[in-house]
Amino acid sequence: MRNIIILMAMAVVLGLSASSALAQQQPVRLGIKAGLNMANWQGESVKSANSLIDFTNGAVTQRMREGFHAGAFISIPIAPGFEIEPGLLYSQKGTRLTGTLPFEITDILNVRATLTNKAEYLDLPILAKVYVGEGFHIFAGPQVSYLLSNKVRARAGALGINLLNTEWDMKSGMREIDFALTGGVGYRFNSGFNLSAGYDFGLSPIDNAATFRTYNSVVKASVGFAF
């Protein structure tokens, strides 16, 4: 956690130093943003989920986990049409799998089970943002994330009856630091209001032992305001 704060501080200091000559024309802006996450696991994700809980007979359907992100950023002008933007965001990630319980009686009743990985991260993206038109921009850069919590929820039901609803902590088996590349497009209005859509591509396995080569993957849609 301390390393993340140090990295963010270094990015801000370097950006402020580089932009001092432009400060009068292009001021540094502090902003806030929030939006929707559509998260998933890439790689050997189904195998990883089955290692957490054996609740299926192999017939598993993987779906995105809906979540959100929210936080703040600093837009630091480096040159006309080019900014460096470090940020600090709370972000929900994970995945969701559905299947059937591996018992004969559950097949008769058509019992469906859902396994949801509920991971919560603190993201530190450091973006290079290039404006290619009036307000329109593209951005990309590295991102370091710190795992705040990781829980697994298992649910099962049949005929409208809830048969199982339990949740437990799985943070001890997950890697605390996650690395990713992030990028996307956006538009900033003259008022400071902005819209963006992006994608986080995980680079490091999410489990401590790196046994299953599973990575975070997140599609994001955001709204924000730069003061």
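Both backbone and side-chain heavy atoms feed into the values below; hydrogens, waters and symmetry mates do not.
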Backbone N or O of Thr114 within a donor-acceptor pair of the Arg155 side chain at under 3.5 Å? no
Identify every side-chain donor-acceptor pair in residues 189-197 under 3.5 Å, counting partners at least two apart or on other chains, and give the distances.
{"unit_1": "Ser191", "atom_1": "OG", "unit_2": "Phe193", "atom_2": "N", "d": "3.4"}
{"unit_1": "Asn194", "atom_1": "ND2", "unit_2": "Gly192", "atom_2": "O", "d": "3.3"}

Show, in sequence, the C-alpha distance, side-chain angles and deciding distance for Gln62 and Asn40, and conclude whether the side-chain hydrogen bond (donor to acceptor under 3.5 Å, both in side chains) test is met. CA-CA 8 Å; Gln62 187 174 3; Asn40 212 338; 2.7 Å; yes
Salt bridge check: are Arg96 and Glu66 linked by an N-O gap of less than 4.0 Å? yes
How far apart are the closest heavy atoms of Thr95 and Arg63, and which atoms are they? OG1-O, 3.4 Å
Side-chain heavy-atom pair Ile206, Arg175 within 4.5 angstrom cut-off: no
Who are the salt bridge (charged side-chain N to carboxylate O under 4.0 Å, His left out) partners of Glu176, not counting sequence neighbours? none
Could you tell me whether Lys118 and Glu167 have a side-chain N and a carboxylate O separated by less than 4.0 Å? yes
With a 4.5 Å limit on heavy-atom distance, are the side chains of Tyr146 and Ile177 in contact? yes
Asn117 CG to Asn150 CG distance, which is reported to the nearest 0.5 Å: 4.5 Å
Hey, can you pull the donor-acceptor pairs under 3.5 Å for the side chains in residues 27-39, sequence neighbours left out?
{"unit_1": "Asn37", "atom_1": "OD1", "unit_2": "His69", "atom_2": "ND1", "d": "2.7"}
{"unit_1": "Asn37", "atom_1": "ND2", "unit_2": "Ser91", "atom_2": "OG", "d": "2.8"}
{"unit_1": "Asn37", "atom_1": "ND2", "unit_2": "Gln92", "atom_2": "O", "d": "2.9"}

Would a distance-only check, ignoring hydrogens and angles, find a side-chain to backbone donor-acceptor pair under 3.5 Å from Asn165 to Ala156? no
Using side-chain heavy atoms (C-beta onward) and a distance below 4.5 Å, is Pro142 in contact with Leu203? no
With sequence neighbours left out, what residues match Lys220 under salt bridge (charged side-chain N to carboxylate O under 4.0 Å, His left out)? Asp123, Asp200
Contacts satisfying salt bridge (charged side-chain N to carboxylate O under 4.0 Å, His left out) that involve residues 71-88 (not counting sequence neighbours) are Glu83-Arg188, Glu85-Lys129
Does the side chain of Ile126 reach to within under 4.5 Å of the side chain of Ile84, using non-hydrogen atoms? yes
Distance in Å, Trp41 CH2 paired with Asp207 CG, rounded so as to fall on 0.5 Å steps: 8.5 Å
Would you compute the distance between atom OG of Ser222 and atom CZ of Phe68 and round it to the nearest 0.5 angstrom? 12.5 Å
Can you check whether Tyr121 and Tyr90 have ring centres sitting under 6.0 Å from each other? no
Just wondering, do Val144 and Asp178 contact through their side chains at under 4.5 Å, heavy atoms? no
To the nearest 0.5 Å, tell me how far Met170 CE sits from Ser149 OG. 13.0 Å
Using 30° and 60° as the class boundaries, would you call the ring planes of Phe225 and Phe227 parallel, tilted or perpendicular? perpendicular
Other cluster members, Tyr215 - Ile/Leu/Val/Met/Phe/Trp/Tyr, side-chain contacts below 4.5 Å: none
Side chains of Thr182 and Tyr199: does their closest heavy-atom pair fall under 4.5 Å? no
